[in-house]
Amino acid sequence: MGRVLDAVIVAAGLGTRMLPVSGFVAKEMLPLVDVPVMHHLILEARAAGCNRIHIITSPSKDFSLVLDDMNKKFPSYPNDQSLLNPIGDAEYFIHYQHEQLGLAHAISMASSSISGPFLVLLGDNILTPNHAALSSFEPSPVSKELVSLHQETGCACSSVYDVGIEAVNQYGIVSLDGDRVQSIVEKPNQEVAPSTLAFCGRYIFTEDFSTLLDHYPVEEHGELQSIAILEHWMNEGKLRAHVLESTVSWYDSGMPLVWLTSQIDHALRRPEYGDKLVAWLNQRMNQS
Ligand code: UTP
């Protein structure tokens, strides 16, 4: 079984729900208080053992600064140097997706540079149980756990998250038998949802992905191409799920209100800011 050495971060989307900011700054570069989303993802992928980082982008977005080593510019930065140089000694690759035709199409831009299984991270989604002060920053272990599941099973894998019954109509929802995915229903109504477990933006794709792109072409499946490929693995009994603990926070920089609440939630949990933010919020709520 091949090791998971490549990570693909998809960040080429138009970000229309985050306009106007996304017209000027990629939503994948927005800060979760003080650390950009992209930093969280690169450091999570590296903590999972990936030393080849692929960023899928579009010609109108610029991720070049994230590839720089800012320690040279700020030599006395007191916190972990990886926060100013997330790529570190990993190799990186920039791939352009010129037409925004969905997740599988975005990933396919990198597939000729990858052999073996690879990690996929949605570029606007942070999943982490960690909210330590910046002085003791730790990357999310979510991708590392997914890589372990792949190493145990040899199968394609996805993290899944319990979103509660009220939200099932916004996600791809799965039913499980043990850790094997039994069914996938896209954005079901509450009455027909097979569970409350949703795909949440972390996957291991196996090396047959490139071949499956030809079997399930984007011309036929459109944005649901990735679901068709996941269903293919599921029907062969080769799609496993890792259910995330409720201690994991799921933050999404793709929608204004969700991102605002994500920032507040994280800040409330951060030791440097939590108490002061609570005091300010209490004072603010008491104003007429
Ligand atoms: P989204 O569907 O949430 O992003 O994709 P979007 O298309 O940018 O959003 P809206 O609907 O216009 O507001 C999740 C992630 O996948 C990437 C996005 O950049 C985002 O990080 N993506 C999406 C691609 O790279 N290519 C695509 O064709 C679609």
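First listed ligand is number 1; within each ligand, the first listed atom is number 1.
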Give the residue, atom name and distance (to 0.1 Å) of the protein heavy atom nearest [atom].
| atom | value |
| --- | --- |
| atom 14 (C) of ligand 1 | Asp124 OD1, 3.6 Å |
| atom 1 (P) of ligand 1 | Arg17 NH2, 3.8 Å |
| atom 16 (O) of ligand 1 | Val10 CG2, 3.6 Å |

Polar contact flag for Leu122 and ligand 1 (N/O pairs, less than 3.5 Å): no
Under 3.5 Å: N/O of Gly15 near N/O of ligand 1: yes
Test of ring centre spacing under 6.0 Å for Trp250 and Tyr171: yes
Val142 reachable from Val243 in the ILVMFWY side-chain graph, under 4.5 Å edges: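 No, because Val243 and Val142 fall into different hydrophobic clusters, even though each may have its own neighbours under 4.5 Å.
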By ring-ring contact (aromatic ring centres under 6.0 Å, His included) - contacts of His40 (at least two apart):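 His40 satisfies ring-ring contact (aromatic ring centres under 6.0 Å, His included) with Phe137 once adjacent residues are dropped.
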Partner set under ring-ring contact (aromatic ring centres under 6.0 Å, His included) for Trp259, not counting sequence neighbours: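 Trp259 satisfies ring-ring contact (aromatic ring centres under 6.0 Å, His included) with no residue once adjacent residues are dropped.
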Geometric class of the His266/His131 ring pair [parallel <30°, tilted 30-60°, perpendicular >60°]: tilted
Heavy-atom neighbours of Asn235 CG exceed 12 at 6.0 Å: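 For Asn235, atom CG is crowded (more than 12 foreign heavy atoms under 6.0 Å).
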Specify side chain, backbone, both or neither for [X], according to which of its non-hydrogen atoms lie closer than 4.0 Å to ligand 1.
| X | value |
| --- | --- |
| Lys27 | side chain |
| Leu101 | backbone |
| Ala12 | both |

Could you check which of [options] puts a non-hydrogen atom nearest to [atom]?
| atom | options | result |
| --- | --- | --- |
| atom 26 (N) of ligand 1 | Gln100, Glu28, Gln97, Met255 | Gln97 |
| atom 22 (N) of ligand 1 | Gly13, Ser58, Ser22 | Gly13 |
| atom 29 (C) of ligand 1 | Ala106, Gly102, Gly201 | Gly102 |
| atom 10 (P) of ligand 1 | Ile107, Ile55, Thr16 | Thr16 |

Atom pair SG (Cys200) and CD1 (Ile126), whose distance is rounded to the nearest 0.5 Å: 13.0 Å
Nearest-0.5 Å distance that lies between atom CZ in Arg269 and atom OG1 in Thr128: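 Atom-to-atom, Arg269:CZ and Thr128:OG1 are 10.5 Å apart.
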contact_flag Leu14 ligand 1 heavy-atom lt 4.0 Å: yes
Where ligand 1 meets Gly123 - atom numbers and elements under 4.0 angstrom, heavy-atom basis: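 Near Gly123, meaning under 4.0 Å from one of its heavy atoms, ligand 1 has 21 (O).
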side-chain contact (heavy atoms from CB on, under 4.5 Å), paired with Tyr203, selected from Leu119, Leu230, Leu239: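 By the side-chain contact (heavy atoms from CB on, under 4.5 Å) criterion, Tyr203 pairs with just one of Leu119, Leu230, Leu239: Leu230.
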